[in-house]
Amino acid sequence: MSIKVRYFASLKESLGRDSDNLEFEQTISVAEVWARAVPAKEMPVNILAAVNMQYVGLDQQVADEDEVAFFPPVTGG
C-alpha cells in the first residue's frame, strides 16, 4: 500500500520537509501513519488530520494511494 503524507505550516518547518511517500504491508490508522512517518517526534496535542482533503479522526483507516495531511493545532491571539 502506498500513501503520501503531507505536513503543513509549523509542522513542515519543524520536520524540515513537506511530505513523505510511505509503503505499508497492511491497513493502518492515521495515528499509525504519524508514528511511522515521524518516529522521533511525538504527535502534537490537538493536531488536525485529513485523508484525501477530508478532516478525519486519528483512528481513520487509510487505503492504498490515499493522501494523509497533518495540520498543527490552530492558535489565536
Side-chain angles (χ1 to χ4, degrees):
M1 175 166 78
S2 175
I3 63 169
K4 181 166 189 157
V5 184
R6 300 187 67 191
Y7 312 100
F8 289 90
S10 61
L11 289 176
K12 178 173 78 174
E13 294 172 18
S14 69
L15 297 173
R17 62 187 189 272
D18 63 0
S19 66
D20 287 309
N21 292 306
L22 302 176
E23 298 286 333
F24 299 100
E25 296 292 322
Q26 58 191 16
T27 303
I28 62 173
S29 70
V30 168
E32 292 168 321
V33 169
W34 177 274
R36 292 190 188 188
V38 192
K41 185 174 178 98
E42 190 170 317
M43 181 183 289
V45 176
N46 297 327
I47 194 169
L48 298 173
V51 173
N52 300 328
M53 296 189 281
Q54 297 287 322
Y55 286 113
V56 297
L58 299 176
D59 60 345
Q60 173 73 37
Q61 298 293 301
V62 298
D64 190 31
E65 298 189 17
D66 278 350
E67 180 182 82
V68 178
F70 291 103
F71 304 88
V74 176
T75 58

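When reading the values below, keep in mind they use all heavy atoms of this one structure, side chains included, and skip hydrogens, waters and symmetry mates.
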Between atom [atom1] of [X] and atom [atom2] of [Y], what is the distance when rounded to the nearest 0.5 Å?
{"X": "Gln54", "Y": "Asp66", "atom1": "CD", "atom2": "CG", "result": "11.5 Å"}
{"X": "Asp20", "Y": "Tyr7", "atom1": "CG", "atom2": "OH", "result": "3.5 Å"}
{"X": "Phe71", "Y": "Phe8", "atom1": "CZ", "atom2": "CZ", "result": "4.5 Å"}
{"X": "Leu58", "Y": "Glu32", "atom1": "CG", "atom2": "CD", "result": "11.0 Å"}
{"X": "Gln26", "Y": "Met1", "atom1": "CD", "atom2": "CE", "result": "8.0 Å"}
{"X": "Phe70", "Y": "Ile47", "atom1": "CZ", "atom2": "CD1", "result": "6.0 Å"}

Exercise: do Glu23 and Ser2 side chains pair donor with acceptor under 3.5 Å: yes
Chi angles and distances behind the side-chain contact (heavy atoms from CB on, under 4.5 Å) call for Asp59, Val30: CA-CA 6 Å; Asp59 60 345; Val30 168; over 6 Å; no
side-chain contact (heavy atoms from CB on, under 4.5 Å) evaluation trace for Val33 with Val5: CA-CA 8 Å; Val33 169; Val5 184; 3.6 Å; yes
Trp34 side chain vs Pro39 backbone, donor-acceptor pair below 3.5 Å: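 Not at all, since once roles are kept as given, no pair shorter than 3.5 Å links the two residues.
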Polar side-chain atom of Asn21 near backbone of Lys4 as donor-acceptor pair, under 3.5 Å: no
A side-chain contact here means heavy atoms from C-beta on lying under 4.5 Å apart; do [X] and [Y] qualify?
{"X": "Ile28", "Y": "Arg36", "result": "yes"}
{"X": "Val62", "Y": "Thr27", "result": "no"}
{"X": "Ser19", "Y": "Lys12", "result": "no"}
{"X": "Val38", "Y": "Arg17", "result": "yes"}

side-chain contact (heavy atoms from CB on, under 4.5 Å) evaluation trace for Glu65 with Ile3: CA-CA 5 Å; Glu65 298 189 17; Ile3 63 169; over 6 Å; no
Check against side-chain contact (heavy atoms from CB on, under 4.5 Å), Tyr55 and Leu48: CA-CA 7 Å; Tyr55 286 113; Leu48 298 173; 4.2 Å; yes
